[in-house]
Participant: 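This is the structure, below, for whatever I ask next.
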Amino acid sequence: MPGYHVWTIGCQMNKADSRRLAVRLEEAGYRDSSLLEESDVVILNSCVVRQSAENKVIHKLDSLRGLKKKYPQIKIVLTGCMVSYDDREMKNHFPWVDLFLPPQEWDAFDRWLYEHGTARIHAGPAPGKHPVSALVPIVHGCDSFCSYCVVPYRRGRVRSRPVDEIVREVTELVHGETREACLLGQIVDQYGVDLVACPDLADLLGELNGIRELCRIRFLTSHPLYMSDKLIQAMARLEKVCEHVSLPVQSGDDEVLAAMKRGYSSQQYLDLVRSIRYHVPEASISTDVIVGFPGETRQQFARTLNLLQEVRFDKVHVASYSPRPETYSAKSMLDDVEPAEKESRRTQVEDMQHEISAAINAGLMGQTVEVLVEGEKKGKLQGRTRSDKLVFFPGPRDLIGQLVSVRIDKTSPFALQGSCCS
């Protein structure tokens with residue numbers, strides 16, 4: 001039986017895409033292999049949102065050059081946001097790659113598999129057992145064109161999947177032991193804007209909430225411009241929708257936000273957070289921040305720190321700005337914040353958030369929380385609360401896939417430790 005190996009870097013959408021590619025390979029008769037040397041097909045699913053991620057992809061590609069020379073029969077596929085529809089330059093840089101696959105070009109991959117002697121393709125979820133928490137893309141592409149972001153240029157414009165198609169997929173996943181559906185989109189709350197009947201994310205959540213065996217529903221990533229009152233009310237009303245929102249702010253300064261083309265002010269963002277917490281008091285909120293954006297002064301950065309301190313997010317993902325090809329900021333703005341200053345600002349955000357997360361999680365000490373057990377790691381079961389807190393606790397493997405009450409005995413900024421309540 002031929003083997004395949006998939007290497008993935010980047011966002012949850014990339015992870016979902018990698019799983020879909022793996023499904024196709026397994027349906028075509030391939031088996032998952034942990035060893036590159038024993039693989040007939042090696043897939044690299046790339047990310048170029050940050051220069052650091054792109055550097056890792058290039059390093060991985062370079063390492064495969066020797067593998068291809070030693071084992072010329074191995075087929076190497078590059079996909080993800082590093083690949084554009086014009087792959088001539090990529091072919092010149094990486095001639096040992098056999099296929100450059102733009103993101104989510106499933107038909108092109110199917111044709112390529114067919115040409116290599118495999119014809120049996122299954123387009124939906126893999127048969128049999130599925131992950132306890134499954135990633136379900138519901139809208140592809142992005143129409144926002146933030147000045148720093150390359151995603152719209154690589155993943156195209158917004159393309160929403162029909163409601164009935166998503167419901168069928170989640171129902172099939174549930175029959176294969178999935179208990180939580182995590183709905184994905186570059187901007188997930190843009191879902192439906194391109195569909196004839198214009199269903200929105202709140203409508204879709206209502207449909208999925210009716211799937212009997214499904215325990216939980218999550219969605220990410222949201223954009224402050226599209227986080228509607230209707231969606232917030234759906235979170236509050238629908239019992240299976242988890243109390244967690246991923247809501248990138250990117251900056252706390254209005255001039256920087258305008259330069260980023262985010263479309264909202266810091267006050268509008270704060271008002272939205274207050275609305276979420278009013279209607280869903282137990283909600284946890286995570287965010288993304290970019291430091292060192294072109295022209296960002298120390299005073300402007302201080303406003304970002306003030307906003308983070310005021311909101312007190314449960315989690316903050318922070319990155320230093322790096323210019324991305326094709327984007328407005330790369331073409332029109334000078335990357336004028338020194339690398340050392342960017343790193344200092346990034347560290348300040350991380351240090352502040354470390355203290356905030358530690359304090360928030362410490363408030364859960366001694367409480368009993370509901371955990372959906374997703375798997376096992378280092379001898380302990382692991383899962384997440386409805387508010388997306390990672391929890392580890394000892395217990396038998398047959399609890400995987402179950403909702404379990406866990407008493408929290410130890411906390412840290414990053415995870416919780418507990419014991420199963422009998």
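In this chain, numbering begins with 1 at the start of the sequence shown.
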Participant: Do S284 and D388 have side-chain atoms, one donor and one acceptor, less than 3.5 Å apart?
Facilitator: no
Participant: Which atoms form the tightest heavy-atom contact between P103 and V83, and what is the distance?
Facilitator: CD-O, 3.8 Å
Participant: Looking at every non-hydrogen atom in both residues, tell me the closest pair between S357 and P413 and how far apart they are.
Facilitator: CB-O, 3.6 Å
Participant: Please confirm whether the backbone N or O of K240 pairs with a side-chain atom of N209, one donor and one acceptor, at under 3.5 Å?
Facilitator: yes
Participant: State, with a plain yes or no, whether a side-chain heavy atom of M90 is found less than 4.5 Å away from one of M82.
Facilitator: yes
Participant: Could you pull out the closest heavy-atom pair between S46 and N14, with the gap in Å?
Facilitator: O-ND2, 2.9 Å
Participant: For the pair E105 and R154, find out whether any cationic side-chain nitrogen is under 4.0 Å from an anionic carboxylate oxygen.
Facilitator: no
Participant: When you look at E343 and R346, which way does the salt bridge (charged side-chain N to carboxylate O under 4.0 Å, His left out) test go after all the steps?
Facilitator: CA-CA 5 Å; E343 179 62 17; R346 188 187 66 80; 2.5 Å; yes
Participant: What verdict does the salt bridge (charged side-chain N to carboxylate O under 4.0 Å, His left out) test give for R345 and E296, after you've listed the backbone C-alpha separation in whole Å, the side-chain angles of each residue and the deciding distance to 0.1 Å?
Facilitator: CA-CA 11 Å; R345 295 178 189 182; E296 182 188 61; 2.7 Å; yes
Participant: Which class fits the ring pair F414 and H354: parallel under 30°, tilted 30 to 60°, perpendicular over 60°?
Facilitator: perpendicular
Participant: For S133, does its backbone N or O pair with a side-chain atom of T178 as donor and acceptor, under 3.5 Å?
Facilitator: no
Participant: Are the side chain of Q300 and the backbone of T297 linked by a donor-acceptor contact shorter than 3.5 Å?
Facilitator: yes
Participant: Let me confirm one number: the CZ-CD1 distance from R161 to I166, rounded to the nearest 0.5 Å.
Facilitator: 5.5 Å
Participant: What I'd like to find out is whether the side chain of V245 reaches to under 4.5 Å of the side chain of M235, using heavy atoms alone.
Facilitator: yes
Participant: In terms of relative ring orientation, are Y148 and F293 parallel, tilted or perpendicular, with 30° and 60° separating the classes?
Facilitator: perpendicular
Participant: Taking it one step at a time, do R303 and D254 satisfy salt bridge (charged side-chain N to carboxylate O under 4.0 Å, His left out)?
Facilitator: CA-CA 9 Å; R303 294 192 182 101; D254 289 346; over 6 Å; no
Participant: Taking S222 for its side chain and L247 for its backbone only, find out whether a donor-acceptor pair lies under 3.5 Å.
Facilitator: no
Participant: Taking atom CG of D17 and atom CD of Q104, what is their separation to the nearest 0.5 Å?
Facilitator: 4.5 Å
Participant: The test is side chain to side chain contact (heavy atoms under 4.5 Å, CB included); show your working for F219 and I138 and say whether it passes.
Facilitator: CA-CA 10 Å; F219 58 90; I138 64 169; over 6 Å; no
Participant: Using atom types as modelled and distance alone, determine if a side-chain donor or acceptor of R218 lies under 3.5 Å from a backbone N or O of R386.
Facilitator: yes
Participant: Report the distance from atom NZ of K261 to atom CZ of F145, rounding to the nearest 0.5 Å.
Facilitator: 12.0 Å
Participant: Classify the ring geometry between F94 and W96 as parallel (under 30°), tilted (30 to 60°) or perpendicular (over 60°).
Facilitator: perpendicular
Participant: In the structure I gave you, are the side-chain heavy atoms of I74 and L67 within less than 4.5 Å of one another anywhere?
Facilitator: yes
Participant: Would you say that L381 contacts V404 through its side chain, given a criterion of any heavy-atom pair below 4.5 Å between the two side chains?
Facilitator: no
Participant: Does CD in E355 sit with more than 12 non-hydrogen atoms of other residues, nucleotides or ligands closer than 6.0 Å?
Facilitator: no
Participant: State whether a side-chain donor-acceptor pair under 3.5 Å links S387 with H244.
Facilitator: no
Participant: Would you compute the distance between atom SG of C149 and atom CZ of R155 and round it to the nearest 0.5 angstrom?
Facilitator: 10.5 Å
Participant: For the pair Q233 and H279, evaluate side chain to side chain contact (heavy atoms under 4.5 Å, CB included) and give the outcome as yes or no after the intermediate values.
Facilitator: CA-CA 7 Å; Q233 294 288 351; H279 292 287; 3.2 Å; yes
Participant: Taking all atoms of both residues into account, what is the closest heavy-atom pair of V6 and T8, and its distance?
Facilitator: CG1-OG1, 3.7 Å
Participant: Do L183 and L208 make a side-chain contact, defined as non-hydrogen atoms from C-beta onward lying under 4.5 Å apart?
Facilitator: yes
Participant: Quick one: CD1 on I360 to NZ on K315, what's the gap to the nearest 0.5 Å?
Facilitator: 11.5 Å
Participant: Are N55 and Q51 close enough that a side-chain donor and a side-chain acceptor fall under 3.5 Å?
Facilitator: yes
Participant: Please examine the side chains of V291 and V337, heavy atoms only from C-beta on, and report whether any two atoms are closer than 4.5 Å.
Facilitator: no
Participant: Without swapping roles, check the side chain of H317 against the backbone of D288 for a donor-acceptor pair under 3.5 Å.
Facilitator: no
Participant: Determine, stepwise, if the pair V57 / L78 fulfils side chain to side chain contact (heavy atoms under 4.5 Å, CB included).
Facilitator: CA-CA 10 Å; V57 177; L78 178 66; 4.3 Å; yes
Participant: Looking at D200, is its backbone amide N or carbonyl O close enough to the side chain of D203 to form a donor-acceptor pair, meaning the two atoms are under 3.5 Å apart?
Facilitator: yes
Participant: Would you say CG of D336 has more than 12 non-hydrogen atoms from neighbouring residues, nucleotides or ligands within 6.0 angstrom?
Facilitator: yes
Participant: Who are the side chain to side chain contact (heavy atoms under 4.5 Å, CB included) partners of Q12, not counting sequence neighbours?
Facilitator: K15, L135, L184, L220
Participant: Regarding Q267 and D271, do their side chains bring together a donor and an acceptor under 3.5 Å, going by distance alone?
Facilitator: yes
Participant: Are more than 12 heavy atoms from other residues, nucleotides or ligands located less than 6.0 Å from atom NZ of K380?
Facilitator: yes
Participant: Measure from the side-chain N and O atoms of E341 to the backbone N and O of E338, and report whether any donor-acceptor pair falls under 3.5 Å.
Facilitator: no
Participant: I need the minimum non-hydrogen distance between T411 and N361, along with the two atoms involved.
Facilitator: CG2-O, 3.2 Å
Participant: If you count heavy atoms of other groups shown closer than 6.0 angstrom to OH of Y328, is the number above 12?
Facilitator: no
Participant: Going by the rule salt bridge (Lys or Arg N to Asp or Glu O under 4.0 Å), which residues pair with D335 if we only count those two or more places apart in sequence or in a different chain?
Facilitator: K342
Participant: Could you name each residue pair satisfying salt bridge (charged side-chain N to carboxylate O under 4.0 Å, His left out) that touches residues 49-65, not counting sequence neighbours?
Facilitator: E54-R324
Participant: If you take all heavy atoms of V174 and I211, which pair is closest and at what distance?
Facilitator: CG2-CG2, 4.3 Å
Participant: Which distance, rounded to the nearest 0.5 Å, do you find between the CG of L21 and the OG1 of T79?
Facilitator: 6.0 Å
Participant: Counting C-beta onward and ignoring hydrogens, is there a side-chain heavy-atom pair between D143 and D194 closer than 4.5 Å?
Facilitator: no
Participant: Evaluate the criterion side chain to side chain contact (heavy atoms under 4.5 Å, CB included) for residue pair M352 and L308; output intermediate values, then yes/no.
Facilitator: CA-CA 8 Å; M352 171 186 287; L308 298 180; 4.0 Å; yes
Participant: Is R168 close to E172 at the side-chain level, that is, under 4.5 Å between some pair of heavy atoms?
Facilitator: no
Participant: Is Y264 reaching over with its side chain to a backbone N or O of H223, donor-acceptor style, under 3.5 angstrom?
Facilitator: no
